[in-house]
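To keep things clear, I will list the structure first and then write my remarks on it.
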Amino acid sequence: MTRTTTTTRRTLLTGATAAALALTLAACGSDAMSGMDHGAAPAATGPAAGHDMPGMSHGPDGMAGMSHGPAGSSDGLAAEQGGYRLDGALAGAEYRFTVTGPDGKVLTSYQPEQTKEMHFYAIRSDLTGFQHLHPVRSADDAWTASLAALQSGEWRMYASFVPGAGSGKGTGLVLSRAATVAGQATPVPLPAAATTGTVDGYTVTVAGAPKAGAAGELTVTVSKDGQPVTDLEPYLETYAHLTAFHAGDQAFAHLHPETAVTTGGGGPTLSFHAELPKAGDWRLFLQFQTGGVLHTAALTLNVAA
């Protein structure tokens, strides 16, 4: 082997090593941003209140805010994603907001998802006070979510929708902003992880062991007085709606139902596709309907890394 050949190989190896190091540092920087906590902002007083930095990545793939898109979507903690932007403010018991598209204009076209053009969620930083609403759209394409009374503290408001126009047409997005409700807040400790939760005499039992960032399945069984429940009624084109929020940063996940609605009642066991982006404790909220009454059961699920 000549000295020239040896020198050339050493040069190539050095360049490859430098490139690998640069990629590693870039990945570390991305991961650090994805775990950033975007906690409460000052009380919302106008459209720009609670503004997050445009273009900031909050997920492992840099696709901030996306929840119902392809695998690898992120945690719903961004106010802007792919050119779509959420602006809103609390006004008493109402949250008024708009969504603008990549062209900078208010979005006027939406594709219904589970029968609704817009799903809206509110939750306090200690994961209490969960609300899932379907806002009203006005003639100027602004939205109003009429909330139940909010306790003092730091909240996050989420808008979940599918654009019917623009570069993100047909892609599900979840955008959110922080809001503050004035007054002395008394945090509620997060209940310990458990496989069961109760509401209105019903018991829901969750089975499955999802891992952070990986697709998995959860099954939920509904019973009452020790007997399986088989009279679940369709709610939003399914027998149950399951939403999860991560303890500490309020990351969002919607667990998609896999059990088809058929004639007659549903239950007792329902299946959900689960992709929870982070390890740790998640607070799950299962909504199901019987006798025309909507029930919301909650429990804490621990997700392994």
Side-chain angles (χ1 to χ4, degrees), residues 34-44 50 58-59 67 74-77 90 93 95 120-133 145 147-158 160 174 176-213 216 218-223 240-255 272 274-288 294-305:
S34 69
M36 184 175 292
D37 181 4
H38 293 263
H58 296 273
S67 177
S74 107
D75 54 17
L77 292 176
L90 274 174
Y95 191 78
F120 181 87
Y121 303 88
I123 199 160
R124 204 168 72 154
S125 59
D126 58 1
L127 306 189
T128 63
F130 168 79
Q131 296 186 48
H132 172 198
L133 308 171
L147 296 155
L150 300 177
Q151 293 186 348
S152 299
E154 313 301 336
W155 289 75
R156 186 162 282 275
M157 310 294 176
Y158 307 79
S160 173
V174 179
S176 71
R177 284 193 177 276
T180 298
V181 178
Q184 182 64 41
T186 303
V188 177
L190 183 72
T195 58
T196 62
T198 60
V199 61
D200 304 331
Y202 292 89
T203 298
V204 298
T205 302
V206 175
K211 291 187 177 181
L218 287 181
T219 59
V220 176
T221 303
V222 184
S223 62
H241 186 276
L242 186 56
T243 314
F245 299 86
H246 187 254
D249 61 5
Q250 298 166 277
F252 173 96
H254 177 213
L255 286 70
F272 293 86
E275 288 190 50
L276 299 169
K278 300 180 180 182
D281 287 334
W282 289 77
R283 191 69 171 160
L284 272 57
F285 295 90
L286 181 80
Q287 296 180 284
F288 60 95
L294 183 64
H295 312 279
T296 302
L299 59 85
T300 302
L301 176 72
N302 184 263
V303 175

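What's counted below: heavy atoms across the whole structure, side chains too, no hydrogens, waters or symmetry copies.
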Examine distances only and state if a side-chain atom of Gln131 and a backbone atom of Ala148 form a donor-acceptor pair shorter than 3.5 Å. yes

Donor-acceptor under 3.5 Å (Asp126 side chain, Pro187 main chain): no

Would you say the side chain of Val303 lies within less than 4.5 Å of the side chain of His246, judging by non-hydrogen atoms? no

Arg156 side chain vs Tyr121 backbone, donor-acceptor pair below 3.5 Å: no

Rounded to the nearest 0.5 Å, how far apart are CZ of Phe272 and NE2 of His254? 8.0 Å

With rounding to the nearest 0.5 angstrom, report the CG to OG1 distance, Leu150 to Thr128. 10.0 Å

Hey, could you give me the CG/OG1 distance between Leu190 and Thr300, rounded to the nearest 0.5 Å? 4.0 Å

Spacing of CZ belonging to Phe252 relative to CZ belonging to Phe245, to within rounding of 0.5 Å: 5.5 Å

Is there side-chain contact between Leu127 and Asp281, with at least one heavy-atom pair below 4.5 Å? no

Gln151 side-chain N/O to Gly129 backbone N/O, donor-acceptor pair under 3.5 Å: no

Heavy-atom side-chain contact between Val204 and Phe288 under 4.5 Å: yes

Residues in ring pair (Phe, Tyr, Trp, His ring centres under 6.0 Å) contact with Phe120, at least two apart in sequence or another chain: Tyr95, Phe97

Verify, without hydrogens or angle tests, whether Asp200 (side chain) and Tyr202 (backbone) share a donor-acceptor contact under 3.5 angstrom. no

Measure across Phe130 and Phe285 and return the closest heavy-atom pair with its distance rounded to 0.1 Å. CB-CE2, 3.4 Å

